[in-house]
Amino acid sequence: MNIYVLVKRTFDTEEKLVISGGKIQEDGAEFIINPYDEYAIEEAINVRDEHGGEVIVITMGGEDAEKQLRTALAMGADKAVLINTEDDVEEMDQFTSAYILAEYLKDKEADLILAGNVAIDGGSGQVGPRVADLLDINYVTTITSLKIEGEKVTIVRDIEGDAEELETSLPLLVTAQQGLNEPRYPSLPGIMKAKKKPLEELELDDLDIDEDDVEAKTETIEIYLPPAKAAGRILEGDISNQVTELVSLLKNEAKVI
Amino acid sequence: MSKKVLVLGETREGSLRNVSFEAIAAAKKISGGGEVVSVLIGDSVGEFGAELVNYGADRVITVEHPHLKSYTSDGYGQAMMAVIDQEQPEALVFGHTAVGKDLSPKIASKLQTGLISDVTDIEGEGDDAVYIRPIYSGKAFEKVKNKGGIDFITIRPNNIAPLEREERSGDVSSLSVDITNLRTIIQNVVRKSAEGVDLSEAKVIIAGGRGVKSADGFAPLQELADLLGGAVGASRGACDADYVDYSLQIGQTGKVVTPDLYIAAGISGAIQHLAGMSNSKVIVAINKDPEANIFKVADYGIVGDLFEVIPMLTEEFKKVM
């Protein structure tokens, strides 16, 4: 089976955000594989181990993203592809990303493409379904279970807390939700092996993409931090008085009741 | 220039979702005085048309077909594209819901447009509309505008106020669409979320963490939620410990919520949890540990045992309601 995983390098959740010059400061910050993409990588490896084939992880961005690709290889992916957009694309949006990924994937005869259901930085959740639409294959988002028998695919997906059971077929793109699996940590032998696994680097030229074709459709005009919240009030006195005071505050001051 | 805006209306368990009314209010702003047309898709949805008009839609178009009983991206995609072909809108507004999140990228791809997802506020009107959306799990915000072509946004539930409901009149028409070649067959939906109030649209949320200590420990939280017409949520810790189902998890993984009132009981306030609730309008923290991180984002805090405080709160609320 030809299995592809779309991976994004993201800012670590634990990092404090600093904005300067209208951009999020990235210097010195830790970067990780988007946590939802880790579920996608793990699932891809499991599918390959059960059905055979090859897992190829793809990302876009600069050379820094090699680190996340090596991590995916260390987890067990077979090959990695970095589409280096650093020099060619100044402003990207989800249209841009999906277009480039789909151009790469269009002649690959992918049976299964996996991605995270959302990236924790941009948080749009668009790229997976957009890629599927461009490739004219079916997609299922926020999946928590995946079973493949021949061409038949049985899926459970999370719909706002409820579990939807459905049937579809390959070729297919799915996006992973928490609960799909428990992503493995790369083992030491895995990390050693990953160093020798193939990592291909491509540029837009290699994909015959013209910069104008991928011009973003939307534009970010400002990034800002939410206003700092004034320190809250810790109530005092005996508990029953605190409770009475709290209810009164919620009713009369905050007016939320 | 005024715009014609198409809005996706959504139903859930036999009634319209609030986000449908919020989307109409958003569309009014974007339209800059143009027409707002609400779209309802399903196997039998005509009865809901009039209510969308009461909330401000100028017109309603329904697409009904047996194959549209359950949402599939193929079925809804065909229905929506047929309406778009007929109406030629200049903007689209969907809810950032399970359906909206799944369907909107497909429609944006087919129209070759941008899509601004998870919008929480709109500045300006008509052609000058600028969309505000949280990024980095709510730790920052960005202002985004469309560079041309169709403005297409999804709005986060509970953030844009709906218009006042009034008896209004407007045309409700149906469009017949042939729905074919569905690649997904829905077998079954297992309800795991609690009965009643939907967590993502709840005005009041009572959330419990590891401090709740057991599944039974959530009973007093549920009682308070029921009294306030709210929903119960949980931290990842409480879900990992099996006290409640993951469907209740609030946080970076899990649901992002913005209720009017969020009461965090026995939740320490890990950064991942804060990512899911820190934009709530009023936050109350109840925790035994005065150093708990949750107090840093709380508007009001009580340092104490939740098993003592929550039942007392319930009694106190009963007195004033």
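Numbers restart at 1 for each chain; the letters A, B, ... are given by sequence-line order, proteins then strands. Here the structure is a predicted model, which means the values were calculated and not measured.
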Which bit of [X] is near chain A, if near means a heavy-atom gap under 4.5 Å: side chain, backbone, both or neither?
X         : value
Asn279(B) : neither
Leu199(B) : neither
Thr97(B)  : both
Ile271(B) : side chain
Leu103(B) : backbone
Ala108(B) : both
Lys110(B) : both
Glu315(B) : neither
Glu308(B) : side chain
Ser200(B) : side chain
Val320(B) : both
Val130(B) : side chain

Between [options], the one whose heavy-atom pairs under 4.5 Å with chain A are most numerous:
options                                    : answer
Val282(B), Asp151(B), Asp299(B), Val297(B) : Asp299(B)
Val309(B), Asn188(B), Leu261(B)            : Asn188(B)
Ile185(B), Ile132(B), Ile286(B)            : Ile185(B)
Gly114(B), Ser109(B), Gly138(B)            : Ser109(B)

Which value, rounded to the nearest 0.5 Å, describes the distance between [X] atom [atom1] and [Y] atom [atom2]?
X         : Y         : atom1 : atom2 : value
Gln242(A) : Ile234(A) : CD    : CD1   : 9.0 Å
Lys143(B) : Asp121(B) : NZ    : CG    : 9.0 Å
Leu274(B) : Ser280(B) : CG    : OG    : 10.5 Å
Asp12(A)  : Ile33(A)  : CG    : CD1   : 12.0 Å

Under 4.5 Å, counting heavy-atom pairs only, tell me which of [options] racks up the most with chain B.
options                                    : result
Thr244(A), Asn117(A), Ile159(A), Val127(A) : Thr244(A)
Thr168(A), Ile24(A), Thr218(A)             : Thr218(A)
Ile155(A), Leu225(A), Ile120(A)            : Ile120(A)
Gln94(A), Lys16(A), Arg157(A)              : Arg157(A)
Pro129(A), Gly123(A), Pro226(A)            : Pro226(A)
Glu222(A), Glu245(A), Glu236(A), Glu215(A) : Glu222(A)

[Y] backbone acceptor or donor facing [X] side chain under 3.5 Å:
X         : Y         : value
Asp37(A)  : Lys8(A)   : yes
Asn181(A) : Tyr39(A)  : yes
Lys217(A) : Thr96(A)  : no
Glu160(A) : Ala98(B)  : yes
Lys106(B) : Asp102(B) : no

ask   = Considering heavy atoms only, which positions within residues 137-146 of chain A lie below 4.5 Å of chain B?
value = Ile137(A), Asn138(A), Tyr139(A), Val140(A), Thr141(A)
note = Within residues 250-257 of chain A, the residues sitting under 4.5 Å from chain B by heavy atom, in sequence order, are Leu250(A), Lys251(A), Glu253(A), Ala254(A), Val256(A), Ile257(A)
Check each atom of [X] against the heavy atoms of chain B and say whether the ones under 4.5 Å are side chain, backbone, both or neither.
X         : result
Asp238(A) : neither
Leu235(A) : both
Glu167(A) : both
Leu249(A) : both

inquiry  = Test salt bridge (charged side-chain N to carboxylate O under 4.0 Å, His left out) on Arg17(B) and Glu10(B); report intermediate values, then the result.
reply    = CA-CA 6 Å; Arg17(B) 295 186 68 166; Glu10(B) 277 190 61; 3.8 Å; yes
key: Intermediate values then yes/no, salt bridge (charged side-chain N to carboxylate O under 4.0 Å, His left out), Arg191(B) and Glu13(B)   = CA-CA 11 Å; Arg191(B) 287 259 170 262; Glu13(B) 289 170 46; 3.4 Å; yes
request  = Hey, can you tell me if Tyr262(B) and His273(B) have their rings parallel, tilted or perpendicular (30° and 60° cut-offs)?
outcome  = tilted
Would you say [X] has more than 12 foreign heavy atoms packed within less than 6.0 Å of its [atom1]?
X         : atom1 : value
Lys147(A) : NZ    : no
Gln112(B) : CD    : no
Lys69(B)  : NZ    : no

inquiry  = One pair to check against salt bridge (charged side-chain N to carboxylate O under 4.0 Å, His left out): Arg183(B) and Asp74(B). What are the steps and the verdict?
reply    = CA-CA 7 Å; Arg183(B) 292 172 291 188; Asp74(B) 282 338; 3.0 Å; yes
ask   = Who pairs with Ala292(B) by side chain to side chain contact (heavy atoms under 4.5 Å, CB included), at least two apart in sequence or on another chain?
value = Asn287(B), Asp289(B), Ile294(B), Phe295(B)
remark   = Sorted by chain and residue number, the ring pair (Phe, Tyr, Trp, His ring centres under 6.0 Å) partners of Phe94(B) (sequence neighbours excluded) come out as Phe152(B)
ask   = Pick from Ile83(A), Ile100(A), Val7(A): which one makes a side chain to side chain contact (heavy atoms under 4.5 Å, CB included) with Ile58(A)?
value = Ile83(A)
inquiry  = Looking at Lys147(B) and Asp93(A), is there a salt bridge between them, counting it only when a charged N and a carboxylate O are closer than 4.0 Å?
reply    = no
query = Applying the side-chain hydrogen bond (donor to acceptor under 3.5 Å, both in side chains) test to His96(B), which of Thr120(B), Asn159(B), Thr154(B) qualifies?
reply = Thr154(B)
query = Which is it for Asp118(B) and Arg133(B) under the salt bridge (charged side-chain N to carboxylate O under 4.0 Å, His left out) test, yes or no, and what are the steps along the way?
reply = CA-CA 6 Å; Asp118(B) 202 17; Arg133(B) 60 186 300 273; 5.3 Å; no
